Amino acid sequence: MQWAIVLLLAIVAPLLPGWTVFLLSVALAKALVVLGIGLLMRGGLVSFGHGMYYAAGAYGVAFAMKLMGIREALVLAVLGLVAGGLLASVLGMLLARYRGLFFAMLNLALSMMVYGALLKFYWVTGGTDGMAVRQATFGGFVPPAGLLRVAYFYLSLGVVAIVVSMAHRLVRSPMGYLLRALRDNEVRVNYMGGWVEQTIYRVYVLSGGLAGLGGSLVVLNVGHAVPDFAYWSQSGEFVFVALFGGYGHVLGPLSGSILFEFVRSYAYKVSPYTWQLLLGAMLALVILFLPEGLWSLVERRMARRDRWGWSWRPSS
Amino acid sequence: MTQLALIAVGGLFSASWLFLVSLGLTLIYGVLRVLNVAHGSLYALGAYLGSSMVLVALEKGHGVPVSYLILLGAALLVGLSVGPFLERVFLRRIYQKEEVLVLLLTFAIFLMLEDVMKLVWGVQPYVVNAPYVALGVVKVGGVRQPAYPFLLTGIAVTMGGLVWAGMARTRFGKLVTSVIEDREISAALGVNVPRIFTGAFTVGAVLAALGGAFTAPMISVVPGVAVEVIVLGFAVVAIGGLGSIEGAALGSLLVGFLRSASVHLFPELDLVAIYLVMALVLLFRPQGLFGRAEMRRV
Amino acid sequence: MGVVLETVELTKYFGVVKAADGISVRVEEGELVGIIGPNGSGKTTFLNLITGYVRPARGSIWYRGKDITGLSPRVVTRMGIARSFQIPQLYGGLTVLENMLVALAIRAGRSGEFWRPLQEDARLEEAMQTLSEFGLEGAAAQGVSSLAEGERKLLDVALSFALKPRLLLLDEPTSGVSVKDKFEVMDRLVRVLKSSGVTTVFVEHDLDVVMRYAERVLVFQEGRVIADGPPGIVLSDAEVKSAIVGTG
């Protein structure tokens, strides 16, 4: 099913207005971060600090351009992935030991320190002004101004398509199920001889890498890396979208992210003083009545347990 | 020497403010196991309502002394109405769910209240500092200090004392203690746990609003005051230990003096320093310095 | 026949309560041992100590000649000791089949795989086979939370059994199972266990079950083993009878 959507989007994109394509690009890129958050949620962990990996990807791209002169889009995207993953592999060693509220708050604290550092070391990071990111090249080729948006869109689309299909496999794999198992009953996993912390660590690093990848794609689209990427409200936004879209199915983050970006930009235009009200209300409704996210509505229509007993619904 | 005194006094004031603000937060967590992001919103509501009511009163020709009562009244109004409302309508439905989910719900409430305040009071700053100015200055250690912060300190200490004594002496306080100890057994023994929850949440809400109302004369009340409360309040409560009054006190002192010191000595480190301390405490003692401790005196 | 399990002066305090008071016990390979005793006599603590869930204050635990004192449940399980629980410990969000598949994947050391699906023909086959040995194949597609208590118990035991342990510790395998089903369940269980040669130690409250199935009985009281022998002899002993009055 996802390939049909990808194809549709790919065909339709050049026909859409520039800002729609831009919004879609950004939404797709952010969906990568949300996917990572969603994976952690499957393991029962919520991080309020993934903005730091998102920022790592964005600033990683900015530095690579500035210091090393790298302009190739795909290379930069991979660099973002590496930046996020590397930071997560370091911090994850500490964080994988915690759960619940403490995991959430510790992530928050660390991300706020990253934010503070980005602000403070202004002679390196540009402080509140951030760092500018110039146009990327595609295979050495600089797209003409009119096609730039579309080029970035295809990049985002391509990356997302690959990642989503990999995530699709992960979710059905032993590791994917182990993640759900340790959310349900960590003790039992230990009593089966399974690795709890190793699994959490791996998923954490993966989510950090995804956040970095998302950050790099967004910054290419937006052209500017700012400390706010690491701020707690940005991290919170990723968590919200994960809840909205639902993290039970890999298309949840995708649909949630796209919906979110569009609703936000409309709501803001219509009435900037009520966007947060709307957001808060939507979030409250989802938490109270639809904790598995909006995609679960789609899933319920498709839901069936086939012969071998595959549960489509995630644990709630 | 004077700089040290300045830092000390500044630290004391900062600590008092933080304590007032985090007392309710830690109380709510201790009883309901809810980390209430909307705490900052309750603070802001107290600030907005207090300021606007004092403004109206002053315009009507009332004297400044009445304004203190008005601030108190505004705080009580906010706490006693919004508090129970939030608890009954929103929180009550999801107590059984994971703590983080409940946290997210309180975050949703925070977002909604942010815009509600913008819609009701607009985005222009409210600067109502007559109550602040009226108290004048005092001389402390040879340095002239505004007197108003001492009032705030007094309120903070009084509230701390009241809560602490209330827990130990009043019937309600003892019931709250038993609910903190063990919710299920309390319920089995006939304690009306939902009522205790509402009551405890309301007390926390009143404390938050009180903080906001009495801080209002010192600042310009704008959208966004809630955020500062949340950010710092969480740090204090995490350091001190969720659910512990002594922890809130100690955490406030720690963070308060740290802030004061960094303001005078290394301004850029302010936020980083606080979060660094929080991270360090959580790493070595995840439950905070006094974490999971009883709310009553040991 | 080798010694599979040996505990030496195993001692554990919970505050002032002596949950284990110098327990020294030896279990040979292939034995089917029942543990009985009044509530609070330390039976579950004994299992917790062996599997590393709690650390002993004193004493040591030996598994096939190796000192496993203080090792974590994860390590102990990987070494070949599996355990079921008084309250079934299952993965609530997964189906019966998925629970079993996860156990098999972990056993095979392949739980870290992320590119192949959990459902693989070989694994599926073994899962369904094991489930049917325990009479659960009909419930394979059901969510674990919708199972009857007895089925949950069975699944818990089945999961531990699926790990192909050398030593299987069962904590009240028939509690929660209806009276009329108890013997059927135990028949099936014992048949499976005996045919696979697993050494089994099970804690049980129901004396009829113990009488019928255990080859050897250990009687616990206040953290000590007060009797050790064939069920016929042990259960007719006067001291044992007075100790376990009120049990079951």
Side-chain angles (χ1 to χ4, degrees), chain A residues 41 44-49 91 94-95 97-122 127 183 227 231-233 236-237 239-240 242-243 267 271-289 291 316, chain B residues 29 33-35 37-38 41 89-91 93-94 97-120 122-123 223 227 230-231 234-235 237-239 242 266-283 286-288 291:
Chain A
M41 279 175 156
L45 294 166
V46 180
S47 159
F48 278 111
L91 297 179
L94 261 41
L95 293 165
R97 289 189 265 150
Y98 299 87
R99 307 281 184 272
L101 266 184
F102 294 115
F103 179 82
M105 282 169 70
L106 209 46
N107 268 282
L108 174 68
L110 289 176
S111 72
M112 286 305 284
M113 282 167 57
V114 169
Y115 170 75
L118 287 172
L119 275 181
K120 185 195 177 219
F121 294 105
Y122 56 87
R183 175 189 189 172
Y231 201 58
W232 62 275
S233 54
E237 184 188 297
V239 174
F240 299 161
L243 274 181
S271 167
Y273 291 163
T274 53
W275 159 242
Q276 282 181 303
L277 185 59
L278 182 64
L279 179 61
M282 286 200 286
L283 190 65
L285 285 172
V286 166
I287 291 174
L288 289 173
F289 303 116
S316 51
Chain B
Y29 184 82
R33 296 278 181 262
V34 170
L35 199 50
V37 180
S41 310
V89 171
F90 290 97
L91 297 178
R93 294 173 203 262
I94 61 165
K97 299 231 178 138
E98 294 166 10
E99 286 180 332
V100 187
L101 214 57
V102 181
L103 174 88
L104 284 169
L105 184 63
T106 62
F107 196 101
I109 296 171
F110 157 77
L111 287 174
M112 290 193 275
L113 287 174
E114 280 288 283
D115 274 0
V116 165
M117 284 187 275
K118 278 187 201 164
L119 290 170
V120 172
V123 291
V227 174
I230 296 167
V231 164
F234 275 2
V237 158
I239 289 170
L242 292 161
F266 20 81
E268 281 108 38
L269 273 183
D270 185 13
L271 212 61
V272 178
I274 294 169
Y275 275 100
L276 183 63
V277 173
M278 175 177 163
L280 284 172
V281 170
L282 285 181
L283 282 173
Q287 69 272 36

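Only heavy atoms go into these numbers, but all of them, side chains included; no hydrogens, no water, no symmetry mates. Just so it is clear, the model here is predicted, and its values are computed rather than measured. Just so we're on the same page: letters track the sequence lines, and every chain starts at 1.
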Inset, instruction - Considering non-hydrogen atoms only, spot the tightest contact between A:Leu110 and B:Ala279 and give its length. - result: CD2-CB, 4.3 Å
Inset, instruction - For residues B:Tyr275 and A:Tyr115, establish whether the separation of their ring centroids is below 6.0 Å. - result: no
Legend entry - Choice from A:Thr274, A:Leu279, A:Leu95 maximising heavy atom contacts with chain B below 4.5 Å: A:Thr274
Legend entry - Shortest non-hydrogen contact between B:Asp115 and A:Leu277, atoms and distance: OD2-N, 2.7 Å
Inset, instruction - Under the side-chain contact (heavy atoms from CB on, under 4.5 Å) rule, what do A:Gln276 and B:Lys118 come out as? Steps first, then yes or no, please. - result: CA-CA 10 Å; A:Gln276 282 181 303; B:Lys118 278 187 201 164; 3.7 Å; yes
Legend entry - Closest heavy-atom pair and its distance - B:Ala238, A:Met105: CB-CE, 3.4 Å
Legend entry - Full working for side-chain contact (heavy atoms from CB on, under 4.5 Å) between A:Leu243 and B:Leu101: CA-CA 10 Å; A:Leu243 274 181; B:Leu101 214 57; 4.1 Å; yes
Legend entry - Non-hydrogen atoms of A:Ala284 and B:Phe90 that approach each other most closely: CB-CE2, 4.4 Å
Inset, instruction - Over all heavy atoms of both residues, which pair between A:Gly280 and B:Leu111 is shortest? Give the atoms and the distance, please. - result: CA-CB, 4.0 Å
Inset, instruction - Run the numbers on A:Val239 and B:Phe107 for side-chain contact (heavy atoms from CB on, under 4.5 Å), then give the verdict. - result: CA-CA 11 Å; A:Val239 174; B:Phe107 196 101; over 6 Å; no
Inset, instruction - Pick one of side chain, backbone, both or neither for B:Leu105, based on which atoms fall under 4.5 Å of a heavy atom in chain A. - result: both
Inset, instruction - Check whether B:Val123 gets within reach of chain A through its side chain, its backbone, both or neither, counting any heavy atom under 4.5 Å. - result: side chain
Inset, instruction - Tell me, for B:Leu276 versus chain A, whether the close heavy atoms (under 4.5 Å) come from the side chain, the backbone, both or neither. - result: both
Inset, instruction - Output, in order, the C-alpha distance, side-chain angles, deciding distance and verdict of side-chain contact (heavy atoms from CB on, under 4.5 Å) for A:Phe48 and B:Leu104. - result: CA-CA 10 Å; A:Phe48 278 111; B:Leu104 284 169; 3.4 Å; yes
Inset, instruction - Name the option with the most non-hydrogen atom pairs under 4.5 Å to chain B; the candidates are A:Leu101, A:Leu108, A:Val46, A:Leu94. - result: A:Leu101
